[in-house]
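Below: one structure, written as structure tokens.
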Amino acid sequence: MAKKSYIVEGNEVEKSFISDSWANIFDDTHQFFHGGVESVRIALDKYRLRTGYKLEKVKNDLSTLTYKCCSKPNFECSWRLHTVAKYVKRHTCGVGMRVRSPTVKKRLVDHMIHERVMHNPLIKSHDIIDYFKLDVGVNIKYHHAYNGLEVSQDAINGDEVK
């Protein structure tokens, strides 16, 4: 778009448009819109107005908004916008009610113990259970510790088959 220019005291001055920043309105991946989905819809309208792109609605309801580029059939464009309406920090499903034995993924155990395994390759599953109980504050089952230890050792030592 062309800049708006005008003469001030014999000099030509360019004025930037308010819409100049609208082309970059979605550049930040983890952007937060305080007005919820409605403010995202407004930002989307500003983006379309400034850039001229045609966008196709994939999903548009009270909590989720998804749009994709509506490019010509010969061109494949991967541009997508997906938003979730809001993040509620507190559960309303029952205060203080927690699962007695939550699911523990082996990649989480690996993430938590990887440094320990590097410094002590002979660490045992029971030591990992104790670490989680005393330092992390969570009880895990033996098979969770064992599977996480295997993943960590494979990452450090490599696969035995190879």
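Owing to the predicted nature of the structure, the values given are computational and were not obtained by experimental measurement. Heavy atoms only: backbone and side chains are in, while hydrogens, waters and symmetry mates are out. We count residues from 1, following the sequence as given.
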Distance check, rounded to the nearest 0.5 Å: T64 atom OG1 versus H82 atom NE2? 5.5 Å

How about I128 and I123: do any of their side-chain heavy atoms sit closer than 4.5 Å? yes

Side chain proximity check, K105 to N147, heavy atoms < 4.5 angstrom: no

Is there a side-chain contact between K106 and Y146, using heavy atoms and a 4.5 Å cut-off? no

Are Y142 and I140 linked, directly or through intermediate hydrophobic residues, by side-chain heavy-atom contacts shorter than 4.5 Å (ILVMFWY only)? yes

K124 vs L149 side-chain heavy atoms within contact, under 4.5 Å: no

Heavy-atom closest pair, residues S125 and A145: O-CB, 3.7 Å

For S152 and H114, work out which heavy atoms get closest and say how close. OG-ND1, 3.0 Å

For the CD1 atom of I113 and the CG atom of L108, what is their distance to the nearest 0.5 Å? 10.0 Å

Out of curiosity, N157 CG to M118 CE, how far, rounded to the nearest 0.5 Å? 10.5 Å

Crowding at NE2, H143 (>12 non-hydrogen neighbours, <6.0 Å): yes

Heavy-atom closest pair (Q153 atom, V117 atom, distance to 0.1 Å) is CG-CG1, 4.0 Å

For Y131 and M112 the tightest heavy-atom approach is OH-O, 3.7 Å

Pairwise side-chain contact, R80 with T66, heavy-atom cut-off 4.5 Å (strictly under): yes

